[in-house]
Amino acid sequence: MVRFPKATTAWLLLTPMMTIIIGVVGYPLIKTVYYSFTAAHLASPATTDRWVGFKNYLKALGNTKFLDSIENTAYFVSVSVSAEIVIGVLVALLLNQTFKGRTLLRALLILPLALPTVVNAMMWRLIYGPDFGALNALLTQIGLMAEYQSWLGDPDLALWMVAVADIWKNFPLVALITLAALQTISKDLIEAATLDGANAWQRFWTVVFPAIIAPVSVALVLRTIEAFKVFDIIYVMTRGGPANSTKTVSFHVYQEAFAYMRIGSGASYALIVVLISAVLIATYLWLIKKQGNTA
Amino acid sequence: MTALSLKNINKSFGEIQVIRDINLDIKPGEFVVFVGPSGCGKSTLLRMIAGLEEISSGEFWIQDRRADQLPASERDIAMVFQSYALYPHMTLAENIGFPLRLGNQPKEIIEKKVQEIASILRLEKFLDRKPGQISGGQRQRVAIGRALARDPKVILLDEPLSNLDAALRLEMRIELAKLHKQLEATMIYVTHDQVEAMTLADRIVILNNGEIAQVGSPLDLYTKPANTFVAEFIGSPKMNLFPASITEGHPGETKINLIGSSSNLMVNKDIEPNNELHLGIRPEHMTPSDEGAIKGIVTSTEQLGSDTYIYFDSETKEQAVARLNGITAIRTGEKISFDASQEHYHLFSPGGDRIN
Ligand SMILES: Nc1ncnc2c1ncn2[C@@H]1O[C@H](COP(=O)(O)OP(=O)(O)OP(=O)(O)O)[C@@H](O)[C@H]1O
Ligand SMILES: [Mg+2]
């Protein structure tokens, strides 16, 4: 049998995977970078190679609609992710107690996660429906509201309502990750803290919090990156409306590149979004590493 | 005065009763060891004293205060866990000082106390490290240090040495004994290692199946085991128990027959005739003798250098063992006979209780 040095073997084994990754990720990426410097338009093939330098980028950064979409995205990310973390951790703490029906509730927790985003979006669109929606019915019947409201039709409300739908679907991920971390906490540690004189709140901060902070920040990273890319839920529920109030960056890119068919400037938007995501990811990786060092 | 007092304590988990009618008074400054086989309820009893487990029925008193309903944090009892249960993200100094920080003590006092404890336990050099960066024995000392921080009246230790290797266990055992003398705190120590029990305890509580089998000083338990359970539990190798009967007794003298054997042993005492006794003799009290009453065939020997264990099939059909000093030339398959002087006889009734 021929024996290669270890590194050679590793490279040999990696080659098929690398080829595929370069083919599916690398090539389109390079192509996108290339297009972002051209005036490429889907409807006129002749424009594909018309080089325009940094014009697309300059235009993008001066485009108030794009800047608005960044602001919308920032709102959406901070609202939904922070709510998901808070609700997720609280639910995990509850489900970590011993009570009857706990196993059933834990199983139910998977349900929203298992739902495809599009199905979830359609379900919430029905709930929010201005005429026959469950939310209107509920709120008027318990007397909290006098008349039906168009939840997704109100520019001041729509983004929040979409965020609620996203929170409902994604808090279970945070809850499951936290629950797994909670289950690794030894009972002795809690009891030791009790004997040391710690009350429930102090026990949480000295024993529980340090044990869950690392996994919860991982969940935070994952959710932030996902939420920043939010597209399908917006597409199904509001298509960016009303009055662009729910238009996020991904949706803006989609519109520019595929609805208006301006591939060149769409590509430049897309790359700006990638850059922001990269910064986010790097920040969080740094955070995690820092935590790993102090823990 | 008593430090702790347990009166008719019972504990059940659902249908299953694991602690039965425990009565025990513990004096201030006493070192009490709970010992017994796995699952006999040692930890449960300790946890009830700590307040981590509710008492199903009975009374628990701390000095002259009824304490069964007192929350764990108000009992002034500290506990050292088998798993050490150190807070992994805190330094050793923070771990030891944690109970004081919760008590809102001023910083300088906490620091002084931590230094003091660290010097007793020889931990000064490690105070800035985290529990993950020290050895098992050092972690054990930190766990003890944290228990000492608040100067508790009572310290509970649940198998604190069982995660350590043999050498370290011995070292820590000696340190614990020293520490107890130095601190004068009441200590309750759980173990299933009888050597730890014998060497550390002022008083040993032997538990069997949730009940107290015997309470006494280590030597009491060794010289006068109250029943066959204690007789076999204390001592290594364990006591030989031979089925025996007493058919006749002359005044001041009783003849004990070993069942299955033609020879008799004599005791200068009056004992009621009985057909189903057990005669117990410790391996170290068996002396080889050509006319010995206990006869058998050697099945195996263990040479420990300082001692030799001789295992043999006795005429009574029991496997038995003798412990002889030094190295001997006795071989497997040899016929052998032993004698023992009568002050080392332990006689047990059919129910297992001591009768002499
Ligand atoms: N929470 C519980 N629920 C039900 N049964 C329990 C519980 N805790 C302990 N037991 C049972 O009570 C009995 C005594 O347990 P305990 O832990 O006190 O034993 P132990 O003497 O400490 O044993 P070991 O030497 O193995 O630690 C065991 O039979 C155990 O199965
Ligand atoms: Mg135990």
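Computed from a predicted model, the values in this text were never measured in an experiment.
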Colleague: Closest heavy-atom contact between G197(A) and S73(B)?
Modeller: CA-CB, 3.8 Å

Colleague: Who among A147(B), P71(B), S83(B) has the most heavy-atom pairs with chain A under 4.5 Å?
Modeller: S83(B)

Colleague: What part of L86(B) lies closer than 4.5 angstrom to a heavy atom of chain A: side chain, backbone, both or neither?
Modeller: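 Looking at L86(B), just its backbone touches chain A.
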
Colleague: Could you report the tightest heavy-atom contact between R150(B) and L195(A), atom names first, then the distance?
Modeller: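 What the structure gives for the nearest pair is NH2-O, 2.9 Å.
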
Colleague: Could you please state which residues from residues 83-93 of chain A sit under 4.5 angstrom from chain B, measuring non-hydrogen atom to non-hydrogen atom, sorted by number, or 'none'?
Modeller: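 No residue falls under the 4.5 Å cut-off.
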
Colleague: Hey, could you give me each pair passing ring pair (Phe, Tyr, Trp, His ring centres under 6.0 Å) that has a residue in residues 210-229 of chain A? Not counting sequence neighbours.
Modeller: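 Those involving residues 210-229 of chain A do not exist here.
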
Colleague: Name the region of E191(A), side chain, backbone, both or neither, that has any atom closer than 4.5 Å to a heavy atom of chain B.
Modeller: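 It is both, since atoms from each part get that close.
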
Colleague: Determine which residues belonging to residues 169-190 of chain A lie within contact range of chain B, meaning some heavy atom pair is under 4.5 Å apart, and list them by number or answer 'none'.
Modeller: K187(A), D188(A), L189(A)

Colleague: Is W160(A) atom CH2 crowded by more than 12 heavy atoms from other residues, nucleotides or ligands, each under 6.0 Å away?
Modeller: no

Colleague: What part of R47(B) gets closer than 4.5 Å to chain A, counting heavy atoms only: side chain, backbone, both or neither?
Modeller: side chain

Colleague: Please find the pair of heavy atoms, one from D196(A) and one from L102(B), that lie closest to each other, and give the distance.
Modeller: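 In this case the closest contact between D196(A) and L102(B) is O-CD1, 3.4 Å.
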
Colleague: Just by modelled atom types, is the A193(A) backbone N or O under 3.5 Å from a matching donor or acceptor in the Y87(B) side chain?
Modeller: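 Indeed, once roles are kept as given, a pair shorter than 3.5 Å links the two residues.
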
Colleague: Hey, what do you get for OG1 (T206(A)) to CZ (R101(B)), rounding to the nearest 0.5 Å?
Modeller: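 Going from OG1 on T206(A) over to CZ on R101(B), the span is 9.0 Å.
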
Colleague: Please determine whether the number of non-hydrogen atoms from other residues, nucleotides or ligands lying under 6.0 Å from atom CD of Q182(B) exceeds 12.
Modeller: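 More than 12 within 6.0 Å, yes.
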
Colleague: Which pairs pass ring pair (Phe, Tyr, Trp, His ring centres under 6.0 Å) with one or both residues in residues 178-213 of chain A, sequence neighbours excluded?
Modeller: W201(A)-W205(A), W205(A)-F209(A)

